[in-house]
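Below, each value reflects all heavy atoms present in this structure, side chains not excepted, and no hydrogens, waters or symmetry copies.
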Amino acid sequence: MTGSVASLWRYPVSSMGGERLERAPVGPSGIAGDRIWGLLDAQTGRIASPGREKHFIQVPRGHARVTGEGIAISADGESWAAPDDPKSIEALSAIFGFRPLLKPFDPVPGEGFQPRYEHAPLHIVTTAAMRSLERDHPESVIDARRFRPSLVLDWPDGAEAMPEQDWIGREIRIGDVVLKGREPCGRCGFITIEQEGLPLDVALLRTIVKRYERNFGIYCDVVVPGEIRAGDKVIVQG
């Protein structure tokens, strides 16, 4: 079974909007620079959780990207600044409805600021699965940003509406990189949230819960690191 890489995505700040890449180095922990910072409410110290708390529902409208100096943030996706830049913080505060505090995650558990959940190295979604969802919801805007994947794989329609669910335990070769399907990816309310160019759409989550037992896409471990590029050939074992 073969396909190709349709797009790569990275989210330098967990819960904020990410960046689409043409190529990216992939190591044991996933795409370099992915989810290396977190965002909190500066007043309460609560970690942003857009899919669970309405308080944080505007957070995905903010933007983050990796730069040579670390990361940069933006309120409009055009003007970029350091994560502690006062003007950018004020601009994001106006969007979020609270003053954000951005902090880098500590890679050593128990010694600093930690993510609110453990994320697997890579999250894969296929275009076949997205087309299946679109057939159920022809009026909806089905966009990869709703699902926050690491990789979107261009995959032909077949017997399965979501072919990646059969890849658990299998090797997935992308260029020189080797991945292994670990487990299904359970979706949360994040996919229903209104984002730039994406309207609020609660029905999508209802369908994923009902048809796919809340799963959409899969998590993968990195067996052999390397670089992945858009357009790379994908071969799934078996």
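Contact of the I191 side chain with the F216 side chain is not registered, since no non-hydrogen atoms from C-beta on lie closer than 4.5 Å. At least one side-chain heavy atom of R214 sits under 4.5 Å from a side-chain heavy atom of L205. With a 4.5 Å cut-off on side-chain heavy atoms, W155 and V234 count as touching. Side-chain contact between W9 and D34: absent, with no pair of heavy atoms (C-beta onward) separated by less than 4.5 Å. Residues I73 and W37 are not in side-chain contact: their nearest non-hydrogen atoms beyond the backbone lie 4.5 Å or more apart. At least one side-chain heavy atom of P100 sits under 4.5 Å from a side-chain heavy atom of I89. By the 4.5 Å heavy-atom criterion applied to side chains, L153 and V5 are counted as neighbours. Side-chain atoms of F98 and T44, non-hydrogen and from C-beta on, never get closer than 4.5 Å to each other.
Note on M162 and V125: same hydrophobic cluster, where clusters join Ile, Leu, Val, Met, Phe, Trp and Tyr whose side-chain heavy atoms are under 4.5 Å apart, directly or indirectly. With hydrophobic clusters built from ILVMFWY side chains whose heavy atoms lie under 4.5 angstrom apart, L8 does not share a cluster with Y219. Residue L122 is grouped with residue I168 when hydrophobic side chains (ILVMFWY) are merged at heavy-atom distances under 4.5 angstrom, including chains of intermediate members. Connection of L21 to L151 is established within a shared hydrophobic cluster, with ILVMFWY side chains joined at heavy-atom distances below 4.5 Å, either directly or through further cluster members. Linking Ile, Leu, Val, Met, Phe, Trp and Tyr whenever their side-chain heavy atoms come within less than 4.5 Å leaves V59 and L200 in two separate clusters.
In this view, R99 and E90 satisfy the salt bridge (Lys or Arg N to Asp or Glu O under 4.0 Å) rule, not counting sequence neighbours.
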* To do: Quick one: do V26 and I174 satisfy side-chain contact (heavy atoms from CB on, under 4.5 Å)? Show the steps, please.
  => CA-CA 11 Å; V26 175; I174 306 176; over 6 Å; no
* **side-chain contact (heavy atoms from CB on, under 4.5 Å) between E196 and R145, intermediate numbers included** => CA-CA 10 Å; E196 184 178 352; R145 291 174 297 160; 4.2 Å; yes
* When you look at I172 and I124, which way does the side-chain contact (heavy atoms from CB on, under 4.5 Å) test go after all the steps? -> CA-CA 11 Å; I172 304 162; I124 284 179; 4.3 Å; yes
* To do: Give the C-alpha distance, both sets of side-chain angles, the deciding distance and a yes or no for side-chain contact (heavy atoms from CB on, under 4.5 Å) between T67 and W80.
  => CA-CA 10 Å; T67 70; W80 297 87; over 6 Å; no
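Listed here is the closest heavy atom pair of F190 and Q195: CE2-NE2, 3.9 Å. Annotation for L179 and V223: closest pair C-CG2, 4.1 Å, computed over non-hydrogen atoms. The heavy-atom pair separating P50 from S15 by the smallest distance is CD-OG, 3.3 Å. Between S79 and D76, the closest heavy-atom pair is N-OD1, 2.9 Å. Nearest approach of V222 to P121, heavy atoms of both residues: CG2-CB, 4.1 Å. What you find for I31 and A24 is that their closest heavy atoms are CG2-CB, 3.9 Å.
Judged by distance alone, the side chain of R146 and the main-chain N or O of V141 form a donor-acceptor pair under 3.5 Å. For the pair R65 (side chain) and S74 (backbone), a donor-acceptor distance under 3.5 Å is absent. Using modelled atom types, no side-chain atom of E171 and backbone atom of V236 make a donor-acceptor pair closer than 3.5 Å. Side chain of Y11 to backbone of S150: no donor-acceptor contact under 3.5 angstrom is found. At distances below 3.5 Å, not a single donor-acceptor pair connects side-chain atoms of S140 with backbone N or O atoms of I142. Not a single donor-acceptor pair under 3.5 Å links the side chain of E22 to the backbone N or O of R229. R187 places a side-chain N or O within 3.5 Å of a backbone atom of F147 that can act as its donor or acceptor partner.
Counted within 6.0 Å of CD on Q43, heavy atoms from surrounding residues, nucleotides or ligands total 12 or fewer; the atom is thus considered open. By the 6.0 Å contact criterion, CZ on R131 is enclosed, its count of non-hydrogen atoms from other residues, nucleotides or ligands being greater than 12. Within a 6.0 Å sphere centred on CZ of R182, heavy atoms belonging to other residues, nucleotides or ligands number more than 12. For E213, the CD atom sits in a loose shell: 12 or fewer heavy atoms of surrounding residues, nucleotides or ligands are nearer than 6.0 Å.
Distance check: Q237 CD to R173 CZ gives 8.5 Å after rounding to the nearest 0.5 Å. Between atom NZ of residue K180 and atom CD1 of residue I218 there is a gap of 12.0 Å, rounded to the nearest 0.5 Å. With rounding to the nearest 0.5 angstrom, the OH atom of Y212 is 5.5 Å from the CG atom of D136. One finds the CD atom of E164 at 9.5 Å from the SG atom of C220 (value rounded to the nearest 0.5 Å). Here CZ of R23 is found 4.0 Å from CD of E227. Values are rounded to the nearest 0.5 Å. Here the CG atom belonging to D157 is positioned 8.0 Å from the OG atom belonging to S132, to the nearest 0.5 angstrom.
Ionic pairing of K87 and D85 is not present here: no N-O contact between side-chain nitrogen and carboxylate oxygen is shorter than 4.0 angstrom.
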